[in-house]
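Working notes for the structure below.
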Amino acid sequence: MSVVVLISGRGSNMQALLDAGLPVAAVIGNRADAAGLAIAARRDLVTAAIEHKDYRTREEFDAALAAEIDRHSPRLVALAGFMRILTPGFVAHYAARLVNIHPSLLPAFPGLDTHRRALAAGVKVHGCSIRFGGARVCHGPIIVQAAVPVRPGDTPDRLAARVLRQEHVVYPRAVRWFLDGRLVVRDGVVSVKGSDAQLVYSDSD
Ligand code: GAR
């Protein structure tokens, strides 16, 4: 029933998963100094750092990462601000049990710096997406999205904060659906057994 969470930084989404009471078996970072690892350790979780800079190739790093993950035999691997591109072999190994969060309404704004790019594009709605892992960056069937308004005078930081609050709402929800066996993927489209909303809209700050 367990989840292994991969992080690179502050780990606020990891904390949202923990606060939701989800069964997290371990938290693994690709940097020993990831703030989220210290937070997880303080919460008595198993943590590990597999430093990407210690490996010559992406393949070698991903193999070491997979070996560490597989010690826990997780049902689900949840990337929560894990800022490394994963090899197709890694993604295939976890196939339908790899989920990721991205701070935009995919397929808009894949890649980095999403909030600044959203402001520059003048979009009036922005948000985040939880998706299954896909072989290509920022691709994979979308499980749930949260949308927020872009307000006049927004800065990338203000917009990021508004989106992050919704990240913390939808990521635990998606993981819970997965663990409860409620997600169905057909022709690249995800539906949820029962009728929970796969779109959240919040206009509160
Ligand atoms: C989150 O905003 C997440 O959506 C983003 O990194 C941040 C991590 O914050 N992920 C990506 O950009 C992945 N492409 P956190 O460490 O506080 O959860």
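Values below: every heavy atom of this structure, side chains too, minus hydrogens, waters and symmetry copies.
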Fill in the blank from the handout: In this structure, OG of S12 is separated from CG of L17 (nearest 0.5 Å) by 9.5 Å

Practice task
With the side chain counted from C-beta on, respond yes when N13 and H168 share a heavy-atom pair under 4.5 Å apart, and no when they do not.
Solution key: yes

Problem - Atom pair CG (D180) and CG (D196), whose distance is rounded to the nearest 0.5 Å - result: 10.0 Å

Completion exercise
With P141 as partner, the option from V189, L183, V185 fulfilling side chain to side chain contact (heavy atoms under 4.5 Å, CB included) is V185

Problem - R182 versus G194, closest heavy-atom pair with distance - result: NH2-CA, 3.8 Å

Handout entry: Any R165 side-chain heavy atom under 4.5 Å of V148 side chain
Key = no

Practice task
Would you mind checking if R158 and D154 are paired as a salt bridge, meaning a charged N to carboxylate O distance below 4.0 Å?
Solution key: yes

Handout entry: Same apolar cluster (I L V M F W Y, side chains within < 4.5 Å links), V190/V175
Key = yes

Exercise for the section: For the pair D62 (side chain) and F90 (backbone), establish whether a donor and an acceptor sit closer than 3.5 Å, ignoring hydrogens and angles. Expected result: no

Fill in the blank from the handout: Heavy-atom nearest pair, L37 first then R31, reads CD1-O, 3.5 Å

Handout entry: Flag side-chain contact, heavy atom, 4.5 Å: V99 against Y171
Key = yes

Problem - Trace of the side-chain contact (heavy atoms from CB on, under 4.5 Å) decision for L45 with L18 - result: CA-CA 10 Å; L45 283 162; L18 293 173; 3.4 Å; yes

Exercise for the section: For the residue pair L22 and R176, establish whether any side-chain heavy-atom pair is separated by less than 4.5 Å. Expected result: yes

Exercise for the section: Begin with the C-alpha distance, continue with both residues' side-chain angles, and end with the deciding distance and a verdict on side-chain contact (heavy atoms from CB on, under 4.5 Å) for V123 and L105. Expected result: CA-CA 11 Å; V123 296; L105 292 173; over 6 Å; no

Exercise for the section: Could you tell me the separation between the CG atom of D33 and the OG atom of S8, rounded to the nearest 0.5 Å? Expected result: 10.0 Å

Exercise for the section: Decide whether L179 and V27 are clustered together by the hydrophobic rule: side chain heavy atoms of Ile, Leu, Val, Met, Phe, Trp, Tyr closer than 4.5 Å, transitively. Expected result: yes

Practice task
Mind checking the OG-CZ spacing from S202 to R162? Nearest 0.5 Å is all I need.
Solution key: 9.0 Å

Exercise for the section: Go through the steps to decide whether L6 and L65 satisfy the test side-chain contact (heavy atoms from CB on, under 4.5 Å), and finish with yes or no. Expected result: CA-CA 10 Å; L6 304 188; L65 182 61; 4.0 Å; yes

Practice task
Check the angle between the aromatic planes of H52 and F61 and answer parallel, tilted or perpendicular using the 30° and 60° thresholds.
Solution key: perpendicular

Practice task
Any chance you could measure N100, atom CG, to I143, atom CD1, to the nearest 0.5 Å?
Solution key: 9.5 Å

Exercise for the section: Could you pull out the closest heavy-atom pair between A16 and P172, with the gap in Å? Expected result: O-CG, 3.7 Å

Practice task
Check whether any side-chain heavy atom of H115 sits under 4.5 Å from a side-chain heavy atom of F109, and report yes or no.
Solution key: no

Practice task
Using the rule that two of Ile, Leu, Val, Met, Phe, Trp, Tyr join whenever any of their side-chain heavy atoms come within less than 4.5 Å, decide whether L106 and V200 are in one cluster.
Solution key: no

Practice task
Give the intermediate values and the outcome of side-chain hydrogen bond (donor to acceptor under 3.5 Å, both in side chains) for residues D70 and H93.
Solution key: CA-CA 10 Å; D70 290 347; H93 179 65; 2.8 Å; yes

Problem - L79-I28 co-clustered via ILVMFWY side chain contacts under 4.5 Å - result: yes

Practice task
For the residue pair R173 and I130, establish whether any side-chain heavy-atom pair is separated by less than 4.5 Å.
Solution key: no

Problem - Side-chain heavy atoms of L112 within contact of M83, under 4.5 Å - result: yes

Problem - Shortest non-hydrogen separation from A146 to Q166 and the atoms involved - result: CB-CB, 3.6 Å

Problem - Main-chain N/O of H139 paired with R131 side-chain donor or acceptor, under 3.5 Å - result: yes

Fill in the blank from the handout: Heavy-atom closest pair (G127 atom, V163 atom, distance to 0.1 Å) is O-CG1, 3.5 Å

Fill in the blank from the handout: Closest non-hydrogen atoms of I101 and A80, given as atom of the first, atom of the second and distance, are CG2-CA, 4.1 Å

Practice task
Could you check Q145 against V170 for side-chain contact (heavy atoms from CB on, under 4.5 Å), going step by step and ending with a plain yes or no?
Solution key: CA-CA 7 Å; Q145 294 185 306; V170 289; over 6 Å; no

Completion exercise
dist I69:CD1 -> Y94:OH (nearest 0.5 Å) comes out at 4.0 Å

Exercise for the section: Check the hydrophobic clustering (I, L, V, M, F, W, Y; side-chain heavy atoms under 4.5 Å; chains of links allowed) and say if V91 and V4 are grouped together. Expected result: yes

Completion exercise
From the list P110, S104, P156, side chain to side chain contact (heavy atoms under 4.5 Å, CB included) partner of R117 resolves to P110

Practice task
Would you indicate whether the side-chain heavy atoms of R58 and R84 approach each other to under 4.5 Å?
Solution key: yes

